[in-house]
Amino acid sequence: MDVALEKRQVERAYELYAPVYDFIFDWIFAPGRAAAIKQCGIVPSDTVLEVGIGTGLNLPLYPATCRLTGIDLSGEMLDKAVERVQNLAMPNVTLKVMDATSMDFGDNEFDKALATYTISAVPDPVAVLREMRRVVKPGGTLVILNHFRSERRVTGWLEDLVAPVCTRLGWKSNLALKPLLVEVGLTPELVHQVNMFNGWRLVKCVNRK
Ligand SMILES: C[S@@+](CC[C@H](N)C(=O)[O-])C[C@H]1O[C@@H](n2cnc3c(N)ncnc32)[C@H](O)[C@@H]1O
């Protein structure tokens, strides 16, 4: 049974998760975060977009020389990111509440875009990736870090089985990577397995337009 993830459901879920998110998800996801920022290959004065920045757990990993814009659908998650920006004194960061399926940016505004643990938490991952492609310059870098449906039969079947419950909690457990990339016209340059049990994939693509 395929249960669709709704925008209101995501907003409600992250309103609830915001106060405890860092406590639960900081250390578990940390190795993947460091690897993802490294794969962005950020050079001085790069313009970088982080999609679904959440509470801003990636913020300390960015070089101070880049210009970073972070967007998120959840005002409650973003409030935490605002606090973190203030505590870390990062004048190079701009944060905005925005739906990543229809971004308020022009075409080709960014050198790089990153989405960590977000693409399976959005109601429409295809629309989000298409928007990321639109706002990143031709030849720019897209980095996606996420759990995707396993290509192993039993694990994939289990992920399908728990999908209706996970959807109600605010994410998809069985989002398949290959069809997603095909649908948005992306070819990965690199796919690495990261984090505990190698259960998450770090995907780097060049934005060929
Ligand atoms: C699992 S959290 C990941 C947060 C952060 N990227 C991290 O690495 O910890 C997923 C985030 O995606 C955000 N999100 C979900 N749908 C979105 C959308 N359509 N536009 C922007 N952000 C969205 C949620 O509000 C939430 O903050």
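Atoms within a ligand are numbered from 1 in the order they appear, just like the ligands themselves.
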Any donor-acceptor N/O pair, [X] side chain to [Y] backbone, under 3.5 Å:
X: Asp111; Y: Thr47; value: yes
X: Tyr117; Y: Phe29; value: yes
X: Lys112; Y: Glu50; value: no
X: Thr118; Y: Gly52; value: yes
X: Arg33; Y: Leu61; value: no

Run down the list [options] and name the one with the heavy atom closest to [atom].
atom: atom 7 (C) of ligand 1; options: Met103, Arg33, Glu50; value: Arg33
atom: atom 11 (C) of ligand 1; options: Leu78, Asp72, Ile119, Leu5; value: Asp72
atom: atom 14 (N) of ligand 1; options: Leu73, Leu114, Asn146; value: Leu73

When distances are taken from atom 20 (N) of ligand 1, the protein heavy atom at minimum range is Ala100 N, 2.8 Å
Which protein non-hydrogen atom lies closest to atom 5 (C) of ligand 1, naming both residue and atom, and how far is it?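 Checking every protein heavy atom, the shortest distance to atom 5 (C) of ligand 1 gives Gly52 O, 3.3 Å.
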With a 4.0 Å cut-off on heavy atoms, is [X] touching ligand 1?
X: Met98; value: yes
X: Ile71; value: no
X: Phe25; value: no
X: Tyr17; value: no

Heavy-atom pairs closer than 4.0 Å: do any link ligand 1 to the side chain of Tyr117, the backbone, both, or neither?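 Under 4.0 Å from ligand 1, Tyr117 contributes backbone and side-chain atoms.
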I need the single residue from Thr69, Leu78, Thr116 that forms a side-chain contact (heavy atoms from CB on, under 4.5 Å) with Ile53. Which is it?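 Per the side-chain contact (heavy atoms from CB on, under 4.5 Å) rule, the option paired with Ile53 is Leu78, out of Thr69, Leu78, Thr116.
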Among Lys172, Glu159, Arg201, exactly one meets side-chain hydrogen bond (donor to acceptor under 3.5 Å, both in side chains) together with His147. Which residue is that? Glu159
